[in-house]
Amino acid sequence: MPELPEVETVVRELRPRLVGRRIAAVEIGRHSLRRPWSPDWTALLLGQRVDDVARRGKWIVVGLKGGLRLVIHLGMTGQLLVRPTKQPLAPHTHLVVSLDRGREQLRFRDVRRFGSATLFADGERLDRFFDEAGLGPEPFDLCPDYWRSRLAGTSRCLKAVLLDQRVVAGVGNIYADESLFEARLHPTVLGREIDSRQAERLRRAVVTVLNRAIEQRGSSIRDYVGGSGARGEYQKEFRVYGRPGEPCPRCRTPVERIRLAGRSTHFCPRCQRAC
DNA sequence: ATAGGCGCCTGCTGGC
DNA sequence: TGCCAGCAGGCGCCTA
């Protein structure tokens, strides 16, 4: 569910609420997440102070002063929030980290449990984990030559390339569709079929769309809320995502929906062409 | 190399 | 009203 703009919003909202605070207690729920929580991790975290909160692709990285890295992926329905301890725990809360003297807690909630929480000993091990996963560059740091050559070298369609975290990190189903609309490129066009001008248009479109979404604090369709519990607003600005049959905001042609790369894909059949 | 299908989970919606 | 299929911001594994 949450893509780069939502994760970035969580990170920005958590940072001032977490940095400098000490971990007083850690509790784990009964249900397992995508990756198992090692019991050792609980003890390692106790007494540690938060140094910073960062993002890499769709991963949230809570850095502790001693070097530990608590890494969280929100999956489809994850929420990471700071709440007063006296506030009742919402159902599907899987990790609770009490802060300072326990007046507040960092809570990880995830209805579908496609998310994960993992601890790494230090930044080096975390970097190795990202390397081994082949996690690609951040969209904002995409080198135009790299991007062009990745597209030129593949016979996958543009939609599939955008969703591939090894090519570029952080883009998911919503922002893939919105970026392709912004770039006026058809999602079924193959990477090797577009020229360098179109590749550059797509690169810029991704950056533009992601930045717009971050400004609106991400998109809330149903589950997503930021680190302070507030919903995002970008869902009000979707041009094609989730709007099949509605008029294209540019030419009024009805937006189409197809199945591509296993995902629901939205586009304007008139504005989005191969060339 | 790539497409397609499935599985992991829960909850909501729409059609009958 | 009730049931059930289909769908959902992700991702990894398998097969062909």
Check: Contact class for A:R35 vs. all strands (heavy atom < 4.0 Å): base, sugar-phosphate, or nothing?
Finding: nothing
Notebook entry, point to check: Atom CG of A:L163 and atom P of B:dG4: how far apart are they, to the nearest Å?
Noted result: 13 Å
Notebook entry, point to check: Taking atom P of C:dC11 as reference, at what distance in whole Å does atom CZ of A:F129 sit?
Noted result: 11 Å
Next item on the list: Could you list all the salt bridge (Lys or Arg N to Asp or Glu O under 4.0 Å) pairs where at least one residue sits in residues 158-183 of chain A, not counting sequence neighbours?
Entry: A:R156-A:D164, A:K159-A:D177, A:D164-A:R166, A:E182-A:R212
Margin query: Testing the basics here: between A:L163 and A:A261, what is the closest heavy-atom pair and its distance to 0.1 Å?
Written below: CD1-CB, 4.4 Å
Check: Taking CG from A:L33 and P from B:dC9, how many angstroms apart are they, rounded to a whole number?
Finding: 11 Å
Next item on the list: Would you tell me if any nitrogen or oxygen in the side chain of A:R166 comes within less than 4.0 Å of OP1 or OP2 on C:dG12?
Entry: no
Margin query: Please enumerate all residues that pass side-chain hydrogen bond (donor to acceptor under 3.5 Å, both in side chains) together with A:S228, with sequence neighbours excluded.
Written below: A:E13
Check: Which residues satisfy the side-chain hydrogen bond (donor to acceptor under 3.5 Å, both in side chains) test with A:S219, sequence neighbours excluded?
Finding: A:Y175
Item checked: Sidechain N-carboxylate O distance under 4.0 Å for A:E132, A:R128 -> no
Notebook entry, point to check: Taking atom C1' of C:dC7 as reference, at what distance in whole Å does atom CG of A:N173 sit?
Noted result: 12 Å
Checklist line | A:F114 aromatic ring stacked with six-membered ring of B:dC8, 5.5 Å and 30° | finding: yes
Check: Which value, in whole Å, describes the distance between the P atoms of nucleotides C:dC7 and B:dG4?
Finding: 16 Å
Margin query: Considering every strand and a 4.0 Å limit on heavy-atom distances, what is the contact class for A:Y241: base, sugar-phosphate, or nothing?
Written below: sugar-phosphate
Notebook entry, point to check: If the P atom of C:dA5 is compared with that of B:dC6, how far apart are they to the nearest Å?
Noted result: 15 Å
Notebook entry, point to check: Is the A:F129 ring parallel, tilted or perpendicular to the A:F120 ring (thresholds 30°, 60°)?
Noted result: tilted
Notebook entry, point to check: For DNA chain B, what are the stems built from at least three Watson-Crick or G-U pairs in a row, each pair having both distances below 3.5 Å?
Noted result: B:2-8 with C:10-16, B:10-16 with C:2-8
Next item on the list: May I have the distance from A:L260 (atom CG) to B:dT2 (atom P), rounded to whole angstrom?
Entry: 14 Å
Notebook entry, point to check: Please, which pairs that meet side chain to side chain donor-acceptor pair (under 3.5 Å) have at least one residue in residues 53-67 of chain A, sequence neighbours excluded?
Noted result: A:E8-A:R55, A:R55-A:E138, A:R56-A:E138
Please produce a list of atom pairs where a protein N or O lies less than 3.5 Å from an N or O of nucleotides 10-13 of chain B.
from: B:dT10; atom 1: OP1; to: A:R113; atom 2: NH2; distance (Å): 3.0
from: B:dG11; atom 1: OP1; to: A:H92; atom 2: NE2; distance (Å): 3.0

Notebook entry, point to check: Could you give the CG-to-C1' distance, from A:D110 to C:dG10, as a whole number of Å?
Noted result: 10 Å
Next item on the list: Name all pairs fulfilling the side chain to side chain donor-acceptor pair (under 3.5 Å) condition that reach into residues 243-256 of chain A, sequence neighbours left out, sorted by first residue then second.
Entry: A:R243-A:E246
Margin query: Could you tell me how far B:dA1 sits from C:dG10 if I compare only their P atoms? Round to whole Å.
Written below: 24 Å
Next item on the list: Would you kindly give the CZ-to-P distance between A:R259 and B:dG5, to the nearest whole Å?
Entry: 10 Å
Next item on the list: For A:F181, check ring pair (Phe, Tyr, Trp, His ring centres under 6.0 Å) against everything at least two apart and list the hits.
Entry: none
Next item on the list: Tell me, please, which residues at least two apart from A:K236 pass side-chain hydrogen bond (donor to acceptor under 3.5 Å, both in side chains).
Entry: A:E233
Check: Could you give all pairs that pass the ring-ring contact (aromatic ring centres under 6.0 Å, His included) test and reach residues 3-52 of chain A, with sequence neighbours left out?
Finding: A:W37-A:W41
Check: What parts of residues 145-158 of chain A reach DNA chain B, counting only heavy atoms under 4.0 Å away?
Finding: A:T154, A:S155, A:R156, A:C157
Note to self: Whole angstroms only, please: what is the CZ-C1' distance between A:R263 and B:dA3?
What the structure shows: 15 Å
Margin query: Applying salt bridge (Lys or Arg N to Asp or Glu O under 4.0 Å) as the test, list every pair that has at least one member in residues 74-93 of chain A; sequence neighbours left out.
Written below: none
Notebook entry, point to check: Checking all strands, does A:G172 fall into the base, sugar-phosphate, or nothing category for heavy-atom contacts under 4.0 angstrom?
Noted result: sugar-phosphate
